[in-house]
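Some notes on the structure that comes next.
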Amino acid sequence: MYQPVKRTPLLLTFVFIILIASACSSSKNEFSKKDVKRSQKLAGLDFDKKYIDTLYPYLKRNKEGYDTLRKYTLDNDVIPAVRFDPLPLNFTPKEQAGFPEWEIPNDVQLPNKEADLAFYSIPQLASLIKSKKISSLELTEFFIGRLKKYNPILECTITITEEMAIEQAKKMDAELDAGNYRGILHGIPYGVKDLMAVEGYKTTWGAEPYRNQQIEMTASVVQKLQDAGGVLVAKLVSGSLARGDVWFDGKTKNPWDTTQGASGSSAGSGSATSAGLVPYALGTETLGSILSPSTRNGITGLRPTYGRVSRHGVMSLSWSMDKVGPMARSAEDCAIVYSVIAGNDPKDGMTTNYPDGFDPTKDYKSLKVAYLKSDIEKDSSDSKANLDKAIETFKKMGLTLNEVELPKDVPYNSFDVILRAEAGAFFDDMVRAEEVDKMVEQTQRSRANSLRQARFIPAVEYIQANRQRQVLIEKMQAIMKDYDVLISPSSGNRLSITTNLTGHPAISIPTGLDEKKHPTSVTLVSNLYDEASILLLAKAFQDQTEFDEMHPEGYTD
């Protein structure tokens, strides 16, 4: 005979707890009206309950749309349909002379001490190769040897592309023997920041979640250098996902002081070029990542106008702010590399066809120059003495410096949402998969934390920040329209955030050493699509001084 189970109070309590837990679990992921009410605080809103009741069903449909979006994967090179244009209203780019036939000296000799080759300029190395005083293979093996020797100290290299480099160098030697000379970069080694894809090699982006990532394509800028005869010897450190000088295996060092980081995020490019491990390198900048490590490591770094250089095959951090540029010993070396990598690329819809060039024979005294006098006077950094001397040098060169100030009444503290929102979109899959938790740095100022924060940026605020960005563009144009070059301290003011938002080109050039024997610099800015003016003045300054010929001790053994 069937007998019902006797349910004790303990059993009933247990069942009740399970039911409550189940209900809590199902409601945990349920989007409620209370969530709407709480989330208003972040956006500075306080809707009445009746309006929340009205919009709640719409928000639920939005969430369903978000969930649907996440089911569709996107390739890294897909750019948003809303694209940034740095042009002010009624702006016309300056006419340019095109690029010169680069002069290669014919009286360059091999140094008595082989290690001194590490600090030869691009024209000097080109002379040695073209005259066959050294082969591309010998030069390539020389720099690979230096990378292997000093990388354990500087931690500036992620991958030495030895096999490809040796093959390319042999090819360049064979072509030269056959009378086929590709130009001034023929057979000269170089390195690139490891945000740039190179087929057959890992592209780690400096971050633990991508330590073993291999993107089977070659970035356009790398391909352009290869086509010009360049020999890629190394993929150099990027700070994790283009932030700082810390990466998944360490912290890149400044060759002038290895107790100090190389600054970021083009840390490897700055450190390796400074120490003579490569003659030049490519870096990227979104918010200081070419100019800052160039300053820290005592080299010259050119950040071109937004859209001048293709970013196809390069990791995106901010589609509307990222730029690629050369880092080398001098403005002339930067100009040579820039002349090869600049130009429209059908694979990157952000690139332009505006006139370009550089005329090193032009009289630099014809340039109209302004300077941030107030910022320079207020500078309290260790570089102040050298900054003052640099200003005096410009004046002694026969230039008249006119005083100007950066735009005022601008909400500078609001612009960070632009970079973070765009980065959050690019790395959304990584954040949702919790791969971001594997990144080495997890501090409040880390890239990992920044990517998590991005999820809480309202779309309206992102758009409003971009509207304010347009106001900044117009204010900057009002300052720059009467000048060719603006001289600024390299830090301590708002120049970096201003010009990275407006897209203006800039160059950092060394000005000596401070009392701690650390390199110092000054920054030159020019109008959009007028790299020629800052290159001309930078070269003239370096012709008058010897700061670009400095190099750290201990790297000529």
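What you see below is based on every heavy atom in this structure, not just the backbone, and it leaves out hydrogens, waters and symmetry mates. Keep in mind that this is a model prediction, so the values were computed, not measured.
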Checklist entry - Can R469 be said to sit on top of F84's aromatic six-ring, NZ or CZ under 6.0 Å from centre and within 45° of the ring axis? => result yes
Checklist entry - So which heavy atom on Y306 is nearest to which on M321, and how close? => result CE1-N, 3.8 Å
Next on the checklist: Checking side-chain polar atoms at under 3.5 Å, does R296 have a donor or acceptor matched by the opposite partner on S271?
Outcome noted: no
Checklist entry - For the side-chain contact (heavy atoms from CB on, under 4.5 Å) test, which of V324, V221, T351 pairs with R311? => result V324
Next on the checklist: Is it the case that the side chains of D245 and S263 hold a donor-acceptor pair, with the cut-off being a distance below 3.5 Å and no angle test?
Outcome noted: no
Next on the checklist: Given L495, which partner from the list V525, D375, N500 fulfils the side-chain contact (heavy atoms from CB on, under 4.5 Å) test?
Outcome noted: V525
Next on the checklist: Could you check whether S274 and N297, counting side-chain N and O atoms only, form a donor-acceptor pair closer than 3.5 Å?
Outcome noted: no
Checklist entry - Taking it one step at a time, do K517 and D257 satisfy salt bridge (Lys or Arg N to Asp or Glu O under 4.0 Å)? => result CA-CA 8 Å; K517 303 301 181 184; D257 178 359; over 6 Å; no
Checklist outcome for this item: In this structure, CG of L147 is separated from CD1 of I144 (nearest 0.5 Å) by 7.5 Å
Next on the checklist: Any side-chain to backbone donor/acceptor pair from S127 onto P105? Under 3.5 Å, distance only.
Outcome noted: yes
Checklist entry - Does a side chain donor of either E441 or S446 reach within less than 3.5 Å of an acceptor in the other side chain? => result no
Next on the checklist: If I take atom CG from residue L277 and atom SG from residue C156, how far apart are they, to the nearest 0.5 angstrom?
Outcome noted: 5.0 Å
Checklist entry - Can you find a pair of side-chain heavy atoms, one from P304 and one from P505, that are under 4.5 Å apart? => result no
Next on the checklist: What verdict does the side chain to side chain donor-acceptor pair (under 3.5 Å) test give for S318 and T286, after you've listed the backbone C-alpha separation in whole Å, the side-chain angles of each residue and the deciding distance to 0.1 Å?
Outcome noted: CA-CA 7 Å; S318 171; T286 309; over 6 Å; no
Next on the checklist: Looking at V485, is its backbone amide N or carbonyl O close enough to the side chain of Y483 to form a donor-acceptor pair, meaning the two atoms are under 3.5 Å apart?
Outcome noted: no
Next on the checklist: Would you say CD of E546 has more than 12 non-hydrogen atoms from neighbouring residues, nucleotides or ligands within 6.0 angstrom?
Outcome noted: no
Next on the checklist: What I'd like to find out is whether the side chain of Q544 reaches to under 4.5 Å of the side chain of F541, using heavy atoms alone.
Outcome noted: no
Item to check | Nearest heavy atoms of W247 and I158, plus distance in Å | outcome: CZ3-CG1, 3.8 Å
Item to check | side-chain contact (heavy atoms from CB on, under 4.5 Å) assessment of Q109 paired with K133 | outcome: CA-CA 8 Å; Q109 302 298 321; K133 292 173 183 173; 3.1 Å; yes
Item to check | Candidates I134, I104, I188 - the one meeting side-chain contact (heavy atoms from CB on, under 4.5 Å) with L128 | outcome: I134
Checklist entry - Taking everything shown except K396 itself, do over 12 heavy atoms lie less than 6.0 Å from its NZ? => result no
Item to check | Short N-O contact, K368 and D482, less than 4.0 angstrom | outcome: no
Checklist entry - Closest heavy-atom contact between G187 and I129? => result O-CD1, 3.4 Å
Next on the checklist: Would you say that more than 12 heavy atoms from the other residues, nucleotides or ligands in this model lie under 6.0 Å from the NZ of K113, or not?
Outcome noted: yes
Item to check | Side-chain donor or acceptor of T520 paired with backbone N/O of G512 under 3.5 Å | outcome: yes
Next on the checklist: Can you see whether K193 engages S269 through a side-chain donor-acceptor pair at a distance of less than 3.5 angstrom?
Outcome noted: no
Checklist entry - What heavy-atom pair brings K365 and M397 nearest, and what distance separates the two atoms? => result CE-O, 3.2 Å
Checklist outcome for this item: Which of Y338, Y190, F143 passes ring-ring contact (aromatic ring centres under 6.0 Å, His included) with Y280? Answer is Y190
Checklist entry - Is the number of heavy atoms from other residues, nucleotides or ligands within 6.0 Å of CD (E103) greater than 12? => result no
Item to check | More than 12 heavy atoms from other groups under 6.0 Å of NZ on K389 | outcome: no
Checklist entry - Is there a donor in the side chain of S339 and an acceptor in the side chain of W102, or the other way round, less than 3.5 Å apart? => result yes
Checklist outcome for this item: Distance col, row N344:CG vs M350:CE, nearest 0.5 angstrom, shows 13.0 Å
Checklist entry - Quick one: does E531's side chain have a donor or acceptor within less than 3.5 Å of a partner on L302's backbone? => result no
Next on the checklist: For S533 and D530, which I'm curious about, is there any donor-acceptor pair between the side chains at under 3.5 Å?
Outcome noted: yes
Checklist entry - Is there side-chain contact between P86 and H504, with at least one heavy-atom pair below 4.5 Å? => result no
Checklist outcome for this item: Nearest heavy-atom contact between S294 and T300 is OG-C, 4.0 Å
Item to check | NZ/NE/NH1/NH2 to OD/OE distance under 4.0 Å, E285 and K323 | outcome: no
Item to check | Side chain to side chain, L528 and P88, heavy atoms closer than 4.5 Å | outcome: yes
Item to check | side chain to side chain donor-acceptor pair (under 3.5 Å) assessment of D194 paired with T204 | outcome: CA-CA 6 Å; D194 197 32; T204 72; 2.7 Å; yes
Checklist entry - Between OG1 of T295 and NE2 of H518, what distance do you get to the nearest 0.5 Å? => result 13.5 Å
Item to check | Side chain to side chain, I166 and E141, heavy atoms closer than 4.5 Å | outcome: yes
Item to check | Test salt bridge (Lys or Arg N to Asp or Glu O under 4.0 Å) applied to K384 and D379, step by step | outcome: CA-CA 6 Å; K384 178 67 162 69; D379 189 291; over 6 Å; no
Checklist entry - Is R308 paired with D356 through a side-chain N to carboxylate O contact shorter than 4.0 Å? => result yes
Item to check | Lys/Arg-Asp/Glu bridge criterion (N-O < 4.0 Å) met for R329, D548 | outcome: no
Checklist entry - Can D345 and K224 be said to form a salt bridge (Lys or Arg N to Asp or Glu O under 4.0 Å), step by step? => result CA-CA 11 Å; D345 178 10; K224 284 185 175 185; over 6 Å; no
Next on the checklist: Using a strict threshold of under 4.0 Å (side-chain N to carboxylate O), is an ion pair present between K148 and E162?
Outcome noted: yes
Checklist entry - So do the side chains of L524 and F394 get within less than 4.5 Å of each other, counting heavy atoms only? => result yes
Next on the checklist: Contact between L232 and Q226 at the side-chain level, heavy atoms closer than 4.5 Å - yes or no?
Outcome noted: yes
Next on the checklist: Using the rule given for salt bridge (Lys or Arg N to Asp or Glu O under 4.0 Å), can you reason through E155 versus K253, listing the C-alpha separation, both sets of side-chain angles and the distance that settles it, and then say yes or no?
Outcome noted: CA-CA 7 Å; E155 299 180 71; K253 309 299 192 302; 2.4 Å; yes
Checklist entry - Do you know the tightest heavy-atom contact between A275 and F119? => result O-CZ, 3.5 Å
Checklist entry - S121 side chain to Q124 main-chain N or O, any donor-acceptor pair under 3.5 Å? => result yes
Next on the checklist: A side-chain contact here means heavy atoms from C-beta on lying under 4.5 Å apart; do T203 and M315 qualify?
Outcome noted: no
Item to check | Side-chain donor-acceptor pair present, K202, T159, cut-off under 3.5 Å | outcome: no
Checklist entry - From T523 OG1 over to I509 CD1, what is the distance, rounded to the nearest 0.5 angstrom? => result 8.5 Å
Checklist entry - Do the ring centers of F99 and F358 come within less than 6.0 Å of each other? => result no
Checklist outcome for this item: One should read off an interatomic distance between I336 CD1 and I341 CD1, to the nearest 0.5 angstrom, of 12.5 Å
